[in-house]
Amino acid sequence: MSTAQGPTAGADGTSLAPAPGAQEAPGGSDTAGADGDRGADGGPEAGVGRAAPTGRRLGELVVAAVVTGLGAFVLVDAGSIVVPGSANTLGPRAFPYLVGGLLLVAGVALLVQVLRGRLGEEEGGEDVDLAVRTDWRTVAILAGVFVLHVFTINPLGWPLAGALLFAGSAVALGARPWWRAVAAGVVLALVIQVVFGAWLGLSLPAGPFLRGVPFLHG
């Protein structure tokens, strides 16, 4: 059964007859214009701007406000720290002031970005194999290393107890060779002892083996 087609006007005003057998799509040409933002599968085309969910925006605003408030609290509270009478060290207020300042700057920057509509990108689902069982042996070793560290700080001092914590945790998590993990743990523990014990004037016990080293004490 043939379908009647009316003549259409060409660019020069002459009438053009439709091609034989051509049929107009249901809904006419208006369908393409109305659904111009749809992809091949009928869904919204990728790249079309969509408003972010209100709950997500509110959540990011809360995070930004909490970070900003935490930074302000740390800065204010750091002023109440008692500074020992020594002009040769940075003092115990230096590190809290640094952390508080970084938190405040990060919180304000995040708040500005959220208010401007630049929300964080959604992450895809993590590749987690739910069939794999928890390695309770590793968990138990990590817990034991932490407990041992707590009970060895005073008798052995921070450098040895800290080296035990860092090296033991690294080896339990699969660091190889073990001697490299031990060496890294010793270096990291000594650096922390010098920075916090000597430069910032905090009380970190050097232990009986390193008690005579002057630069390890505040």
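In what follows, every heavy atom counts, from backbone to side chain, and hydrogens, waters and symmetry copies are set aside.
Of all heavy-atom pairs spanning Pro159 and Ala206, the tightest one is CD-O, 3.7 Å. For Asn154 against Pro205, the heavy-atom pair with the smallest separation is OD1-CG, 4.3 Å. The minimum heavy-atom distance between Pro208 and Pro155, with the atom names listed, is CD-O, 3.1 Å. A pairwise comparison of heavy atoms in Thr152 and Leu148 identifies OG1-O, 2.7 Å as the closest pair. Counting all heavy atoms, side chain and backbone alike, Gly162 lies closest to Ala189 at C-CB, 3.9 Å.
Remark: the backbone N or O of Val171 is paired with a side-chain donor or acceptor of Arg176 at under 3.5 angstrom. Under the 3.5 Å distance criterion, the side-chain polar atoms of Ser169 are left unmatched by any main-chain donor or acceptor of Phe166.
Residues meeting the side chain to side chain contact (heavy atoms under 4.5 Å, CB included) test with Val187, sequence neighbours left out: Val191. Take Val99 and apply the side chain to side chain contact (heavy atoms under 4.5 Å, CB included) test, not counting sequence neighbours, and it matches Phe95, Leu103.
Taking CG of Leu160 as the reference point, atom NE2 of His149 lies at 11.5 Å (rounded to 0.5 Å). The CZ atom of Phe146 sits 12.0 Å away from atom CG of Leu164, with the distance rounded to the nearest 0.5 Å. Note that CG of Leu75 and CZ of Phe73 are 11.0 Å apart. Values are rounded to the nearest 0.5 Å.
Following chains of ILVMFWY side-chain contacts shorter than 4.5 Å, one cannot reach Ile153 starting from Leu142, and the two form parts of different hydrophobic clusters. Val114 and Leu70 fall within the same hydrophobic cluster, defined by Ile, Leu, Val, Met, Phe, Trp and Tyr side-chain heavy atoms under 4.5 Å apart, directly or through other members. Under the 4.5 Å side-chain heavy-atom criterion for Ile, Leu, Val, Met, Phe, Trp and Tyr, Val108 and Val67 are members of distinct hydrophobic clusters. At a threshold of 4.5 Å between side-chain heavy atoms, the hydrophobic network of Ile, Leu, Val, Met, Phe, Trp and Tyr places Leu110 and Leu104 in two separate groups.
Using a 4.5 Å heavy-atom cutoff, the side chains of Leu115 and Leu61 are in contact.
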